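Data block below; observations after.
Since we're looking at a predicted model, the values are computed, not measured. Below, chain A is the first sequence line, B the second, and so on; all start at residue 1.
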Protein chains: 2
Amino acid sequence: MARTLSSDVIDRAEAMFREYLRSRALKYTSERRTLLLEVLRNNEHFEAEQLLISMRHAGKRIAKATIYRTLPLLVDCGVVKQVQFGEKLARYEHTFGQGPHDHMICLRCRRVIEFDSAAAARLRETEAARHRFTAHSHRFQIWGVCSQCR
Amino acid sequence: MARTLSSDVIDRAEAMFREYLRSRALKYTSERRTLLLEVLRNNEHFEAEQLLISMRHAGKRIAKATIYRTLPLLVDCGVVKQVQFGEKLARYEHTFGQGPHDHMICLRCRRVIEFDSAAAARLRETEAARHRFTAHSHRFQIWGVCSQCR
DNA sequence: GTCAATGCAAACATTTTGCAACTCT
DNA sequence: AGAGTTGCAAAATGTTTGCATTGAC
C-alpha cells in the first residue's frame, strides 16, 4: 500500500504540480504539498476519504473540502489519474508507478490487476482515426474472474 | 432520442425480462412494464432521473425508488447495460440498438460516439489470457475531440 | 392468501459551495 | 496589499432504505 518514496519521484511530481500552479497564478500551499506527498505514498488506487483518514493518522490536519478542491488540480497537471471501476465514488491513482496500464477487475474478490496498455493505446488510435476523432486518453476495463478465484 | 419501437424489440425484451423475473419468483408489475417500455424508447444513453421525467411527461406515475429498484433487474436480465462516462451518476443504455460497441466521448461537446467493439473484444481476450483471467465483459472508452469540434 | 412491490419520506454517501478568516507571492 | 486558499458547516446530488399499503400470482 504505502511504500518508500524515491525522492526522484517526489521531485518530478512536485515540479509538475508547481509548474502547473505557477502557470495559472495559483499557490503552492502547505496543504497542497502535504496532499501531494500523501497521494504519492499510495501505490494502489485511492479515494478522497482515504487520503483524509491517513493524513489524520499521520497528524496532518486538512479539511475534506481542500482534498476535494485539490484532487482536480492534481489530475489536471498529470500527477494523478482518475480511475473508476463502476462505483459511484471517485478513485484515483498517481502516475509515477509502472507505465501506462489498464485494469482488470475480478468480480469475485474485487482485486484489480493492471496490465500494459500499449496494445489498447494502438487500438484507440486505430478506432479514433476511423471516426476522425482525436484521442487524448482512454480507459479500458475488463471484468471477469481472476486466476486465484477459479 | 426517442424512436419508433419495433414490436419485435419489445417482444424480445419483454420475454427476457419476464423469464428473468419468473425464474426468481419476482413479479411483472405494471410499473415494471411501463419502465421497460420507456427504457426501450430511449435510443441514447439515459439515467434514472431522465426516465422519471419522461414518464411523468407521458402521464405515467412512478416513484423514483421504483426506478432505482428496477434498473438493476433490467441490467441483470441483460436488457440494459450500465455505461459510465466518468461522471458520478449512473448511465444506462438498452441492448437492442446496434451491436456490441464502445464509446468515444468528445471533451468539447460531450457528444458520445459509438464504435464497434469487435477489436476491443479480441484485445480483451488476448490480455485476459496473458493474465490467466476469465473475461466476462469490458468497457473501452476514448476521450478526445470529435471531428465537428476541431 | 401470500409474498413481493410500490410510494413516500427519511436516511445516506459523496461531493460541492458560501463565506469569513487566513496565507502565499 | 491582494488574490487565491482554507476550514467549517450547510447545501446539493444521486441513490438507498424502512415501513405501511397495494397488487401480482
Side-chain angles (χ1 to χ4, degrees), chain A residues 14-15 17-39 45-56 58-77 80 82-92, chain B residues 14-15 17-39 45-56 58-77 79-80 82-92 110:
Chain A
E14 197 167 26
F17 194 23
R18 296 194 78 146
E19 168 52 24
Y20 168 85
L21 292 172
R22 200 175 49 68
S23 75
R24 331 216 147 190
L26 303 179
K27 291 163 185 171
Y28 192 50
T29 64
S30 70
E31 286 82 2
R32 287 181 179 165
R33 185 172 54 248
T34 306
L35 187 62
L36 173 64
L37 293 176
E38 188 58 43
V39 158
H45 310 105
F46 58 87
E47 47 195 274
E49 185 70 23
Q50 236 168 71
L51 292 174
L52 180 72
I53 293 172
S54 48
M55 290 174 81
R56 287 265 158 91
K60 322 227 152 106
R61 311 193 93 316
I62 191 168
K64 196 180 279 200
T66 302
I67 295 177
Y68 278 105
R69 283 189 276 231
T70 305
L71 280 172
L73 302 178
L74 288 170
V75 169
D76 239 43
C77 74
V80 162
Q82 215 183 324
V83 293
Q84 202 106 19
F85 301 133
E87 309 136 317
K88 55 249 138 204
L89 56 60
R91 287 193 183 283
Y92 303 86
Chain B
E14 198 167 25
F17 194 23
R18 296 195 78 146
E19 168 53 25
Y20 168 85
L21 292 172
R22 201 175 48 68
S23 75
R24 330 215 147 191
L26 302 178
K27 291 161 185 172
Y28 192 51
T29 64
S30 71
E31 286 82 3
R32 286 180 180 167
R33 185 171 57 250
T34 306
L35 187 62
L36 172 64
L37 293 177
E38 188 58 42
V39 158
H45 309 103
F46 57 87
E47 48 194 273
E49 184 69 24
Q50 237 169 70
L51 293 174
L52 181 71
I53 293 170
S54 47
M55 290 173 81
R56 287 266 160 91
K60 323 227 151 109
R61 310 194 94 314
I62 190 168
K64 195 180 279 201
T66 301
I67 295 177
Y68 277 106
R69 284 189 277 231
T70 307
L71 279 171
L73 302 178
L74 289 170
V75 170
D76 239 42
C77 75
V79 167
V80 161
Q82 215 185 324
V83 294
Q84 200 105 20
F85 301 133
E87 311 136 315
K88 55 251 137 206
L89 56 60
R91 287 193 183 284
Y92 302 87
R110 288 279 127 192

Whole Å only: how far is the [atom1] atom of [X] from the [atom2] atom of [N]?
| X | N | atom1 | atom2 | value |
| --- | --- | --- | --- | --- |
| B:Lys64 | C:dA11 | NZ | P | 17 Å |
| B:Leu89 | C:dC12 | CG | C1' | 17 Å |
| B:Ile67 | C:dA5 | CD1 | C1' | 14 Å |
| B:Leu52 | C:dT6 | CG | P | 14 Å |
| B:Tyr68 | C:dT6 | OH | P | 16 Å |
| B:Lys88 | C:dC12 | NZ | C1' | 18 Å |
| A:Glu49 | C:dT15 | CD | P | 9 Å |
| B:Arg22 | C:dA5 | CZ | P | 15 Å |

Would you give the length of the straight line joining atom [atom1] of [X] to atom [atom2] of [Y], rounded to the nearest 0.5 angstrom?
| X | Y | atom1 | atom2 | answer |
| --- | --- | --- | --- | --- |
| A:Ile53 | A:Lys64 | CD1 | NZ | 8.0 Å |
| A:Leu73 | A:Tyr28 | CG | OH | 12.0 Å |
| B:Cys77 | B:Leu36 | SG | CG | 8.0 Å |
| B:Lys60 | B:Leu35 | NZ | CG | 11.0 Å |

Is A:Arg56 reaching over with its side chain to a backbone N or O of A:Ile62, donor-acceptor style, under 3.5 angstrom? yes
Can you give me the bend angle of the helix from C:dG1-D:dC25 to C:dT25-D:dA1? Use the axis through the first five pairs and the one through the last five, nearest 10 degrees. 40°
Does anyone know the first and last nucleotide of DNA chain D in reach of chain B, 5' to 3', at under 4.0 angstrom to a heavy atom? D:dG14 to D:dC25
Could you say whether B:Arg69 or A:Arg69 is positioned toward the 5' end of DNA chain C, judged by the nucleotide with the nearest heavy atom to each? B:Arg69
Partner set under side chain to side chain donor-acceptor pair (under 3.5 Å) for B:Gln82, not counting sequence neighbours: B:Gln84
The criterion is side chain to side chain donor-acceptor pair (under 3.5 Å); which residues satisfy it with B:Arg22, sequence neighbours excluded? B:Glu19
pair B:Arg110-B:Phe85: side-chain heavy atoms closer than 4.5 Å: no
Partners of A:Lys27 by side chain to side chain contact (heavy atoms under 4.5 Å, CB included), sequence neighbours excluded? A:Thr29
Electrostatic pair A:Arg61-A:Glu31, nearest N-O below 4.0 angstrom: no
Using a heavy-atom cut-off of under 4.0 Å over every strand shown, decide if B:Arg61 touches base, sugar-phosphate, or nothing. sugar-phosphate
Sugar-phosphate, base or nothing in reach of A:Arg32, heavy atoms under 4.0 Å: sugar-phosphate
Could you list the protein-to-nucleotides 23-25 of chain C atom pairs, N/O on both sides, closer than 3.5 Å?
residue	atom	partner	partner atom	Å
C:dC24	O2	A:Lys27	NZ	3.2
C:dT25	OP1	A:Tyr28	N	3.4

B:Arg24 versus B:Asp76, closest heavy-atom pair with distance: NH1-OD2, 4.0 Å
